[in-house]
Amino acid sequence: METTKVKLTLIIDKRANKVIIAEAKKDFVDFLFNLLSLPISTVIRLLKNGSTLGCVDNLYQSLENLNDAYLQPNQNKDDLLKRHVTAALNAPPLLPEASPTFKGNVFYRCVNHDYVTDAANTNCPAKNCSLPMDCRLRFDLFVDSGTSTCNCKKPSAGEGGVVKNLVTYMVSDDLSVTPVSMISGIELLQHNVKDIGVLEKRVVELGIDEGLELLKNSLKSKTALTNVFLMKTELKDVAISNFA
């Protein structure tokens, strides 16, 4: 699979070695907002049991090591440990195994009625039925057969992801996101910088490695951008210029 790279413009305080603000386009903001959709088990797996989420790593390891003989017959450990993640359409796949590809969910029905469940052998709730719902079905998201009665608004051509591609977005070091405006930008700089001469504009690239580091730092730090892009021993910059 072709490696996805997203460009990000950082405004850096050279004296403090700190990211003051980042100018981001739709693709980076979509990536950030899609972090909110990740199940805890997916976060732990992506960070290789180093999520810094307290005891949750131990819960993950306990279930992973638990013998299947102790599980209910209709339960599968992978349903909790390796849940499929459905990202917003067109969001950049900057995390391994967390792209918009959707493998489908399995559901069950009885032989006579259209009620469905995700728990095999559940009794059918239809009146005077109670047959086991053991007929296996598969539901594939994003598949449109042309017969759907869903009234959801379909994205128009070129749309997708979470936010609209109307403006540049401002991302602070603690990953707060707002649309760029002259007033908000000036207020942020005035609050964080006394000498504008120490500012530097730097364009960096974000790939899977940086995506994982951002995920980790979003869970434990209020200086995520600084940690990911300025604390690395080797930083590959696309361009550096004085702030103007």
Side-chain angles (χ1 to χ4, degrees), residues 1-38 43 46-47 85 87-100 158-193 196 198-244:
M1 183 180 71
E2 185 179 352
T3 302
T4 300
K5 293 284 187 178
V6 172
K7 289 185 179 181
L8 188 65
T9 301
L10 307 178
I11 306 300
I12 298 169
D13 183 335
K14 295 182 292 183
R15 184 177 298 164
N17 195 34
K18 173 182 173 61
V19 174
I20 302 300
I21 194 174
E23 296 175 359
K25 295 183 179 179
K26 167 184 167 57
D27 50 8
F28 182 68
V29 176
D30 280 345
F31 164 72
L32 289 181
F33 285 153
N34 269 284
L35 295 181
L36 299 174
S37 71
L38 296 178
V43 172
L46 289 174
L47 299 181
V85 179
L89 289 174
N90 297 339
L94 295 177
L95 294 175
E97 300 180 12
S99 70
E159 288 184 351
V162 180
V163 298
K164 292 183 177 180
N165 193 21
L166 297 177
V167 296
T168 300
Y169 293 86
M170 189 168 62
V171 183
S172 61
D173 203 11
D174 63 2
L175 302 185
S176 298
V177 179
T178 56
V180 162
S181 71
M182 182 68 70
I183 294 177
S184 60
I186 292 175
E187 287 180 345
L188 183 64
L189 291 176
Q190 288 177 339
H191 180 72
N192 289 277
V193 181
I196 198 172
V198 303
L199 296 181
E200 174 184 275
K201 181 182 290 187
R202 183 178 300 180
V203 180
V204 297
E205 287 186 337
L206 181 80
I208 287 181
D209 290 342
E210 292 81 10
L212 285 171
E213 284 299 311
L214 264 180
L215 173 59
K216 179 187 293 186
N217 278 276
S218 71
L219 299 172
K220 67 177 185 178
S221 174
K222 293 291 187 179
T223 57
L225 295 180
T226 294
N227 294 348
V228 172
F229 293 106
L230 300 187
M231 299 302 177
K232 296 169 64 176
T233 55
E234 293 184 7
L235 180 63
K236 296 182 179 180
D237 301 315
V238 177
I240 299 177
S241 61
N242 291 327
F243 182 79

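- Put simply, the side chain of V162 does not reach to within 4.5 Å of the side chain of V29, judged on heavy atoms.
- A donor-acceptor pair is defined here as one N or O able to donate and one able to accept, closer than 3.5 Å; no such pair exists between the side chain of N217 and the backbone of T223.
- Of all non-hydrogen atoms in A24 and V171, the two that sit nearest each other are CB-CG2, 4.0 Å.
- Rounded to the nearest 0.5 angstrom, I208 CD1 and K5 NZ are separated by 8.5 Å.
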side-chain contact (heavy atoms from CB on, under 4.5 Å) between L215 and L38: does it pass, once the steps are laid out? CA-CA 10 Å; L215 173 59; L38 296 178; 4.1 Å; yes
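- Here the closest heavy-atom approach between residue A16 and residue D13 is recorded as N-OD1, 3.1 Å.
- Separating the NZ atom in K222 from the OG atom in S172 is a distance of 9.5 Å, to the nearest 0.5 Å.
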Any chance you could lay out the side-chain contact (heavy atoms from CB on, under 4.5 Å) test for F31 and V6, step after step, and finish with the verdict? CA-CA 10 Å; F31 164 72; V6 172; over 6 Å; no
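- Residues satisfying the side chain to side chain donor-acceptor pair (under 3.5 Å) test with D173, not counting sequence neighbours, are K18, T226.
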Applying side-chain contact (heavy atoms from CB on, under 4.5 Å) to L214 and N227, what does each step give before you reach the verdict? CA-CA 8 Å; L214 264 180; N227 294 348; over 6 Å; no
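- In plain terms, the two heavy atoms of L225 and A22 that are nearest each other are CD1-CB, 3.8 Å.
- The distance from the CG atom of L199 to the CD1 atom of I11 is 7.0 Å, given to the nearest 0.5 Å.
- Looking at heavy atoms from C-beta onward, T168 lies out of side-chain contact with T9 at the 4.5 angstrom threshold.
- The side-chain heavy atoms of L8 and L10, taken from C-beta on, include a pair separated by under 4.5 Å.
- From E213, atom CD reaches atom CG of L47 across 8.5 Å, with rounding to the nearest 0.5 Å.
- Put simply, CG on L94 and CG on D27 are 8.0 Å apart, with the number rounded to the nearest 0.5 Å.
- Note: F28 CZ to K7 NZ = 15.0 Å, rounded to the nearest 0.5 Å.
- Taking each heavy atom of E210 and F229 in turn, the nearest pair found is CG-CE2, 4.2 Å.
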